[in-house]
Amino acid sequence: MKKVSLAVVGATGMVGRTFLKVLEERKLPLEKIYFFSSKRSAGTKVIFNGEEYTVEELSETSFDRGIDIALFSAGGSTSEKYAPIASAKGCVVIDNSSFWRMDNNVPLVVPEVNANDISWNKGIIANPNCSTIQAVVALKPLHDKYKIKRIVYSTYQAVSGAGMGGYSDLERGLKGEPPQKFPHQIAGNCIPHIDVFLPDGYTKEEKKMMDETRKILGDSSLKITATTVRVPVFNGHSESINVEFENQFDLDELKEVLRNAPGVVVEDDASNNVYPTALNTTGKDETFVGRIRRDKSVESGINLWVVADNIRKGAATNAVQIAEELIKMWNQE
Ligand SMILES: NC(=O)c1ccc[n+]([C@@H]2O[C@H](COP(=O)([O-])OP(=O)(O)OC[C@H]3O[C@@H](n4cnc5c(N)ncnc54)[C@H](OP(=O)(O)O)[C@@H]3O)[C@@H](O)[C@H]2O)c1
């Protein structure tokens with residue numbers, strides 16, 4: 001098996017730190033590994049597989065050393081500038097920012113859903129938004145079987161989704177200190193405002209969920225609306241998803257479809273208080289689905305409660321899975 005040289009850009013961040021854990025756990029065949037951050041954290045030491053590495057400041061020459069894959073999680077402007085530099089040097093960038101996601105030349109990939117799209121990459125592959133990833137893992141098998149007509153997303157998103165700054169805002173709020181990251185105190189609160197507001201009244205996070213779902217499922221006809229809300233939970237995004245289908249379904253059969261879907265774990269036993277929660281899914285890589293019930297207000301509709309670890313499946317794990325698929329592809333060439 002080909003061993004690869006890999007770089008982690010944004011290694012000192014919330015997602016970057018989790019990359020280290022996931023890369024260790026999944027034992028990627030690595031020849032060399034490099035870690036980058038901004039000037040601020042350059043010089044920081046990180047431990048990977050028992051060895052100490054020094055984080056370097058990212059620069060235009062960082063990729064002049066035969067790096068095969070770079071996992072980027074350092075914000076949109078870093079990806080805008082450095083992803084083309086890295087890919088021009090022969091490196092494939094797997095990017096966690098939103099910058100390249102809707103570019104027609106960039107595949108947007110959730111391996112359980114559209115791993116085949118990796119094959120047409122031109123040097124950049126985008127990792128979708130965290131709340132979109134967990135939603136499409138659950139929706140893809142249902143779309144294949146019953147053809148989705150309309151989706152209503154309502155999210156309950158953890159503060160870790162806003163990086164280290166979001167996490168410390170909840171810690172600060174719990175101590176009665178004012179927020180630094182969010183526009184309002186998050187402790188004891190729900191804030192219906194994630195990313196910036198757009199002229200039509202939606203937030204950019206809501207637009208990402210709508211646009212990215214259509215791109216990943218490869219269906220521009222899907223009707224989708226979304227309300228995304230930040231809640232005082234440290235980690236793990238929860239989503240209420242209402243779906244309307246073209247075709248009729250049998251509820252037991254639909255549950256079976258979900259049970260057999262890759263990356264999905266069904267936790268649905270209301271009589272024993274069994275349903276997924278953010279605390280129970282933290283540290284896991286699957287997408288958990290519960291509260292599966294018919295929406296009696298339409299002819300063929302369903303309500304789902306979908307929960308996943310937003311830093312793992314919503315970011316680091318999904319990106320590492322893409323890297324694994326890429327390596328598999330290279331080994332078959
Ligand atoms: N948190 C999530 O759930 C999540 C999910 C999906 C995608 N994402 C995306 O992943 C990216 C990082 O998110 P995060 O939550 O990990 O943020 P974070 O905790 O704030 O970490 C940001 C990382 O980027 C580095 N960085 C910032 N500016 C840089 C520059 N000019 N050059 C090189 N490195 C730079 C930082 O280095 P310093 O330590 O030097 O500042 C740090 O390592 C964002 O694009 C975000 O949208 C996050």
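Indexing begins at 1, ligand by ligand and atom by atom, following the structure's order. The chain is numbered in sequence order, starting from 1.
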Next item on the list: Give yes if a backbone or side-chain nitrogen or oxygen of V15 is under 3.5 Å from a nitrogen or oxygen of ligand 1, and no if not.
Entry: yes
Across all chains, not counting sequence neighbours, the salt bridge (Lys or Arg N to Asp or Glu O under 4.0 Å) partners of K147 are D219
min-distance protein heavy atom vs atom 30 (C) of ligand 1 -> T78 OG1, 3.4 Å
Original post:
Does any N or O atom in G13 lie less than 3.5 angstrom from one in ligand 1, N or O only?
Top reply: yes
Per-atom filter on ligand 1: closer than 4.0 angstrom to a heavy atom of S97 are 45 (O)
If you scan protein heavy atoms around atom 46 (C) of ligand 1, the nearest is N96 O, 4.5 Å
closest protein heavy atom to atom 27 (C) of ligand 1 is A74 O, 3.9 Å
Original post:
Does the N or O separation between K39 and ligand 1 drop below 3.5 Å for any pair?
Top reply: no
Ranked by distance from atom 39 (O) of ligand 1, the top protein heavy atom is S41 OG, 2.4 Å
Numbered in order shown, the ligand 1 atoms found under 4.0 Å of a heavy atom of N310 are 3 (O)
Exercise. Look at E246 together with R150 and state whether they make a salt bridge at an N to O cut-off of under 4.0 Å.
Key: no
Note to self: Any donor-acceptor pair under 3.5 Å linking the side-chain atoms of Y156 with those of T228?
What the structure shows: no
Per-atom filter on ligand 1: closer than 4.0 angstrom to a heavy atom of I311 are 1 (N), 2 (C), 3 (O)
Legend entry - Aromatic ring pairing F245/F249, orientation class (parallel under 30°, perpendicular over 60°, tilted between): perpendicular
among protein heavy atoms, the one nearest atom 5 (C) of ligand 1 is A315 CB, 3.6 Å
Looking only at heavy atoms, the pair that brings I94 and I69 closest together is CD1-CG2, 3.9 Å
Quick note on ligand 1: atoms under 4.0 Å from a heavy atom of S37 include exactly 33 (C), 34 (N), 37 (O), 40 (O)
* Asked: Crowded around L279 CG? As in, over 12 foreign heavy atoms under 6.0 Å?
  -> no
The answer for which part of S98 has a heavy atom under 4.0 Å from ligand 1 is neither
* Asked: Does a donor on one side chain sit under 3.5 Å from an acceptor on the other, for T155 and Q157?
  -> yes
Ring-face cation contact, F182 with R230, 6.0 Å cut, 45° max
no
of all protein heavy atoms, closest to atom 23 (C) of ligand 1 is S73 O, 3.6 Å
Q) Taking both backbone and side-chain atoms of G10, is any N or O found less than 3.5 Å from an N or O belonging to ligand 1? A) yes
Worksheet item: Do the charged groups of D211 and R214 touch, with an N to O distance under 4.0 Å?
Response: yes
One finds that the ligand 1 atoms under 4.0 Å from a non-hydrogen atom of G314 are 5 (C), 6 (C)
One finds that the ligand 1 atoms under 4.0 Å from a non-hydrogen atom of G75 are 11 (C), 44 (C), 45 (O)
Query - D285 versus T317, side-chain donor and acceptor atoms under 3.5 Å - result: yes
### Message
Closer than 4.0 angstrom, basic N to acidic O: yes or no for K313 and E286?
### Response
no
Checking heavy-atom distances from atom 42 (C) of ligand 1 to each of V9, T12, V159, the winner is T12
Result for side-chain contact (heavy atoms from CB on, under 4.5 Å) between V55 and one of F35, Y34, F36 points to F35
Atom 20 (O) of ligand 1 sits nearest the protein heavy atom M164 N, 4.2 Å
The closest protein heavy-atom partner of atom 1 (N) of ligand 1 is S160 O, 3.0 Å
inquiry  = Using the rule that Ile, Leu, Val, Met, Phe, Trp and Tyr join whenever any side-chain heavy atoms are under 4.5 Å apart, tell me whether L6 and V15 fall into a single cluster.
reply    = yes
Near R40 (heavy-atom distance under 4.0 Å), the atoms of ligand 1 are 38 (P), 39 (O), 40 (O), 41 (O)
